[in-house]
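A short write-up of the structure that comes next.
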Amino acid sequence: MKKFLAFFMSVMLIFVLAACGGENSTEGGSSDGSGEKGNKETITLKVGHTLSDQSHYQEGLKRFKELLEEKSNGQFQVEIFPNGALGGEREMIEGLQIGSVDLVLTSTGPMSGFVPEITVVDLPFLFRNAEHAHKVLDGEIGQNLFAKLEEAQGLKGLAWWENGFRNVTNNVRPIEKPEDLKGLKIRTMENDIHMDSFKTMGADPTPMAFPELFPALQQGVVDGEENPVPVITSSRFYEVQKYLTMTRHFYNPSMLIISKSKFDSFPEDLQTALLEAAKEAGDYERQVVAKMDEEGIALLKEKGMEVIEEPNIEPFKEAVQPVYEKYSEQFGQDLIDSIINTK
Ligand code: EAX
């Protein structure tokens with residue numbers, strides 16, 4: 001009887017231990033990436049971005065969260081951190097490399113400091129329209145740029161998303177021609193091409209991380225800035241800026257990125273779920289940008305901004321030609337031509 005009881009107790013103990021071993025959750029994934037199928041660990045992914053919770057980024061990431069949690073049968077749980085809660089874009093990208101952030105939705109703005117080759121897409125007036133940009137980024141050229149990101153920084157681009165076409169705002173005067181920018185302190189992203197373009201047009205470019213921008217405009221540290229309409233509306237820049245000119249001078253793509261090591265630590269089915277959710281949510285986010293872009297101008301006028309909707313763009317294009325001369329060697333004229341000639 002004693003022997004039977006001892007045998008029964010040990011079997012019970014094994015069962016209890018096995019039951020406890022099955023269920024555990026880990027922060028930020030890469031727990032034992034190679035988690036065996038059926039070993040249902042929940043992986044929480046923190047994703048950061050700089051824009052408000054009313055922004056196109058937030059809308060896109062909410063869709064990403066839905067899709068990824070669905071495609072991974074709940075194994076992935078996504079926590080979204082808007083408003084630069086995890087830092088500016090450059091800071092968050094560094095956070096990816098030290099593991100303090102799991103995913104970042106960032107524009108190509110800070111890429112001058114990480115993979116300068118990627119900033120070829122930041123050349124002024126390079127893209128005819130959003131469709132042209134999508135064709136280039138979702139095609140071979142876009143994939144080659146992601147390959148450079150992986151090679152140079154160990155960061156994996158999951159998909160190309162969108163910030164939009166950037167326009168200039170300021171508090172001093174209406175901008176109708178490049179000369180009107182003369183002497184204006186314009187905040188730019190920490191991007192060499194963006195700074196060179198505004199310098200070439202006679203402005204005084206001031207690089208600054210996004211979280212610092214609204215207070216800098218409010219206190220007059222800078223006269224103006226440049227951003228897509230969905231950013232100007234969702235960040236309430238109409239409260240601190242008077243004039244908007246629809247220059248559409250830069251097309252600004254965004255990237256949803258993760259560290260390569262973290263991505264590789266996940267089993268294949270979870271890697272596929274990540275890539276699929278990123279692509280589908282990215283396509284959705286681009287539609288959100290188009291809608292906010294369309295509806296935003298009326299809203300900004302309503303909020304009291306003076307909007308120049310159709311400035312003559314040719315003088316602006318001419319004014320930035322020196323930027324092409326300066327960078328065509330760095331990027332190679334062939335690459336620039338293949339982007340321009342993409343149908
Ligand atoms: O990517 O810094 C900027 O102006 C960007 O539009 C913002 O960080 C979103």
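Computed from a predicted structure; not experimentally measured. For ligands, and for the atoms within them, numbers begin at 1 and follow the listed sequence. Side-chain atoms are counted along with the backbone in the values below, which use heavy atoms only and exclude waters and symmetry mates.
With 3.5 Å as the limit, one finds a donor-acceptor pair spanning the side chains of S261 and S259. Looking only at atom types and distance, the side chain of Q153 has a donor-acceptor partner in the side chain of Q97 under 3.5 Å away. Side-chain atoms of E225 and T169 include a donor-acceptor pair closer than 3.5 Å. Looking at E89 and S107, their side chains do bring a donor and an acceptor atom within 3.5 Å of each other.
Counting heavy atoms from C-beta on, the side chains of L137 and E162 never come closer than 4.5 Å.
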What are the polar N/O contacts of ligand 1 with the protein below 3.5 Å, with distances?
residue: ligand 1; atom: 1 (O); partner: Y57; partner atom: OH; Å: 2.8
residue: ligand 1; atom: 1 (O); partner: E89; partner atom: OE2; Å: 2.6
residue: ligand 1; atom: 2 (O); partner: R187; partner atom: NH2; Å: 2.9
residue: ligand 1; atom: 4 (O); partner: R166; partner atom: NH2; Å: 2.8
residue: ligand 1; atom: 4 (O); partner: R187; partner atom: NH1; Å: 2.7
residue: ligand 1; atom: 4 (O); partner: N227; partner atom: OD1; Å: 3.3
residue: ligand 1; atom: 4 (O); partner: N227; partner atom: ND2; Å: 3.1
residue: ligand 1; atom: 6 (O); partner: N163; partner atom: ND2; Å: 2.8
residue: ligand 1; atom: 6 (O); partner: R166; partner atom: NH1; Å: 3.2
residue: ligand 1; atom: 6 (O); partner: N227; partner atom: OD1; Å: 2.7
residue: ligand 1; atom: 8 (O); partner: T50; partner atom: OG1; Å: 2.9
residue: ligand 1; atom: 8 (O); partner: E89; partner atom: OE2; Å: 3.1

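In this structure a side-chain-to-backbone donor-acceptor pair under 3.5 Å is missing from D180 to I175.
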